[in-house]
Asks: 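First the structure, then my questions, so here it is.
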Amino acid sequence: MDVTQILDPLNPAQRLAVGSPTPTLLVLAGAGSGKTRVLVHRIAWLIRAEGIPPQRILAVTFTNKAAHEMRGRIEALLTIPTRDLWVGTFHGLAHRFLRRHAREAGLADTFQILDADDQHRVVRRLIKGLGLDETRWPARQAQWYINAQKEEGRRVRHLSEPHDPFERQMLQIYQAYEEICDRSSLVDFAELLLRAYELLRDTPELLGFYQQKFQHILVDEFQDTNRIQYLWLRLLSQDRENLFAVGDDDQSIYSWRGAMVENLQHFQRDYPSHTLVRLEQNYRSTGHILAAANALITHNQNRLGKNLWTELETGEALSLYNAFNEQDEAYFVVNRIQSWSRDGHARRDAAILYRSNAQSRQFEEKLVAMGIPYRVYGGLRFFERAEIKDALAYLRLVANPQDDASFERIINTPVRGIGAKTLDILRGLARTERCSLWHAMATLCADEAIPTRARKPLLQFKLLMEDLADSTSGLELWEQTQRTVQKSGLIEHYRKEPYEQAAQRIENLEELTSAARQFEHEPTLDAELPVLDQFLAHAALESGESQSEATDDCVQLMTLHAAKGLEFKLVFMVGLEEGLFPSLQSLEDTVRLEEERRLCYVGITRARQKLYLTYAESRRIYGKETYPRPSRFLREIPPEHLDEVRLRGSTTPSAIMPDSTMKQSASKQALRIGQRVRHVKFGEGVILQSEGEGTQARVQVNFAGAGVKWLMLAYANLQAVA
DNA sequence: TGTTAATAAATTTTT
DNA sequence: TTTATTAACA
């Protein structure tokens, strides 16, 4: 293959990045500017043009999906297998590193990974164990605190005696949590990164080895890196300055999870030899869409600055629909999707994007009513399902009896008569003896002083687990999984649930065996490590698809966050209202508001051909009727790119005025819900609802200036506005 | 031990 | 409004 083939399909800026003679680059890649393409071609270039062996290249992403896509595209471009390339997520790579050097990292070989849900359970149990009031010290908050500390690299010992009582309590929880994790050899997501970083930092031989090994390091979505991720990259690349970072400050939407856009500046400071490349040509969206996005984002301060342009046609302006309420909004959107689909377009090319998951319901209902297939992203994923986690907990406890989290999960699932009392004794013993629950149980089983009634089920559980360990050792992974599921009694346990649910759960448990079977043939398996450990890690790190495969032709529903990195021909951004988008929690704070604006920018730039923006006059939130104002983001888009959709009264003919009252109103036009009206004193507004008849008829109007008012029709003298 | 009524809370979530 | 959690009960 001729190396020019790698450069030829690129534009000048992309070519500059891909063919760069220096390894240190910061690529500011605007939305739809070919970011992944540049990464893929860069790696191809390094291998083909510079002769770098694939095993000396490290490429880091945030999601498994991105990692898979990158691998696939490199293979397609180079037509060679990419086994030797180090491509993976931060967490996946950190995990691989820790498995290889578990002892040096102070971990058992059989250490297990806690996902967010596991972590929450551990923290909650611990707060109870400390005798704290759970309403005053919610587990979520403590969990958040712990992760935030770890993401900043702060261990308990770094946080000496805070004066603030809140901080002090959190610190105590953090400390207790760490003790449990250490004792059980459990590692949460943040710990994977932090421990990998610390091990590298404190072990010169290892650091030297990996620094030598990786001649080139590439990172995707650099704006999303947190402090530890940056420090880890810096550690590996500091002596050679061989870091190739691709990112977009305008698409930084995860600061609330510890992502630091500032790392873009840190990069420029810490790698003085770097070249800065801007990718500003957009290949995705038509002119109006791009112009709207550009205009919106200029309202943010402190940008690195970038202006996207396109050679594509101007296209259609954005359509703005002012719905009467959330029902009407959903009705409008689904109608448009139906005609789009009737025109012969694929449903999968249409997406509904919202700020919060709760908004999906209205759309789902209307889609169901119209018989349009759809898919909601962001639900429970396969390995996150309760029954699957139960089964995995059995496997985990066999692999590592110290794993208290798994022990707690299955000690009485299915119920085997081990109640709260016995558990308290176990926990107490584990705490005083500083041992695992498994060990405490073994002690208790042998203790003659304990009544047989409590001991018997414990003994049975112990025997079950020992039997599982014996009878499955040496078996292949899928067989081990199958036996474990069968012997655990989980199937019988779930059969007691309502039929449909039970059937689904049992099906999932059976599916787990197929997943294990499939996993054994993964090309990325590490021959050096036990397959079971790898499978369990895979379950935690890559929890699988949330719903049916995207092979079906479905309309796509997801949050704006989930839409990052995707594109659709037709996009609906819904609920553009103050308090919803931007969210209530962001209204007061400029920094958070700017993040909401970036989120809006991300949403707009998902659209390739047509973008609809919708907002509602009234919306039920938590069962209460609210009358939000249109989102400020709508005002930030220049009107020349916006077309207001006016179909009020034609598609939603909800006339509310009987003829007699109509005559009493000064207007010749029928007043109906959604009708725009003018009032002498309050100005313009929209009718929300009505009640009463004749001279008693009243309407509720949402005035732009004066808010929501009830008015007597007979006296209000409302003028209909076209 | 499992079900039911009451009560409080309520963004976004790559791993 | 929905959802989760807990206290009370059979």
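Basis for what follows: all heavy atoms, side chains included, without hydrogens, waters or symmetry-related copies. Chain identifiers are assigned alphabetically (A, B, ...) following the order of the sequence lines, protein sequences preceding nucleic acid strands; residue numbering begins at 1 within each chain.
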Asks: In whole angstroms, how far is the C1' atom of B:dT11 from the NE2 atom of A:His561?
Replies: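 It is 8 Å, rounded to the nearest whole Å.
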
Asks: Let me know the distance between CD of A:Glu625 and P of C:dT1, rounded to the nearest Å.
Replies: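 In whole Å, C:dT1 P and A:Glu625 CD are 11 Å from each other.
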
Asks: Does the side chain of A:Arg361 get closer than 4.0 angstrom to OP1 or OP2 of C:dT1 through an N or O atom?
Replies: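 No, A:Arg361 has no side-chain N/O under 4.0 Å of OP1/OP2 on C:dT1.
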
Asks: Can you tell which of B:dT11, C:dT5, B:dT13 lies closest to the side chain of A:Ser586?
Replies: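 So the nucleotide nearest the side chain must be B:dT11.
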
Asks: Would you say a side-chain N or O of A:Tyr622 is under 4.0 Å from OP1 or OP2 of B:dT11?
Replies: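 Indeed, a polar side-chain atom of A:Tyr622 lies that close.
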
Asks: Under 3.5 Å, is there a donor-acceptor pair between the A:Gln112 and A:Asp118 side chains?
Replies: no

Asks: Got a donor-acceptor contact below 3.5 angstrom from the A:Arg396 side chain to the A:Lys389 backbone?
Replies: no

Asks: Just how far, in rounded Å, is P of B:dT13 from CE of A:Met558?
Replies: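 The answer, rounded to whole Å, is 11 Å.
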
Asks: OP1 or OP2 of B:dT13 less than 4.0 angstrom from a side-chain nitrogen or oxygen of A:Asn357, does that happen here?
Replies: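 Yes, A:Asn357 has a side-chain N/O under 4.0 Å of OP1/OP2 on B:dT13.
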
Asks: Measure CG/A:Leu560 against C1'/B:dT13 and give the value in whole Å, please.
Replies: 14 Å

Asks: Say we look at C:dT6 and B:dT11: how far apart would their C1' atoms be, to the nearest angstrom?
Replies: 25 Å

Asks: For a quick test of reading the model: is some side-chain N or O of A:Thr559 closer than 4.0 Å to OP1 or OP2 of B:dT13?
Replies: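 Answer is yes, contact under 4.0 Å.
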
Asks: So which atom in A:Leu458 and which in A:Ile418 form the shortest heavy-atom distance, rounded to 0.1 Å?
Replies: CD2-CD1, 3.7 Å

Asks: List the steps and the verdict of side chain to side chain donor-acceptor pair (under 3.5 Å) for A:His120 and A:Asp117.
Replies: CA-CA 5 Å; A:His120 182 250; A:Asp117 179 62; 5.3 Å; no

Asks: OP1, OP2 of B:dT15 versus side-chain N and O of A:Arg381: anything below 4.0 Å?
Replies: yes

Asks: Taking the P atom of each, how far is C:dA4 from B:dT13, in whole Å?
Replies: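 The same atom, P, in both gives a distance of 16 Å.
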
Asks: Is it the case that the base of B:dT11 and the side chain of A:Arg355 share a donor-acceptor contact (distance under 3.5 Å, atom types as modelled)?
Replies: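 A donor-acceptor contact between them is absent.
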
Asks: Would you kindly compare A:Val415 and A:Leu584 by the position of their nearest DNA chain B nucleotide and give the one closer to the 5′ end?
Replies: A:Val415

Asks: What integer number of Å spans the C1' atoms of B:dT12 and C:dT5?
Replies: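 It works out to 23 Å between them.
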
Asks: Establish, from distance only, whether the side-chain atoms of A:Tyr627 and A:Gln700 form a donor-acceptor pair under 3.5 Å.
Replies: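 A:Tyr627 vs A:Gln700: donor-acceptor pair found between side chains.
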
Asks: Please state how far atom CZ in A:Arg597 lies from atom P in B:dT11, giving the value in whole angstrom units.
Replies: 23 Å

Asks: Could you check whether A:Ser583 gets within reach of a base, just the sugar-phosphate, or nothing at all, counting any heavy atom under 4.0 Å?
Replies: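 Touches a base.
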
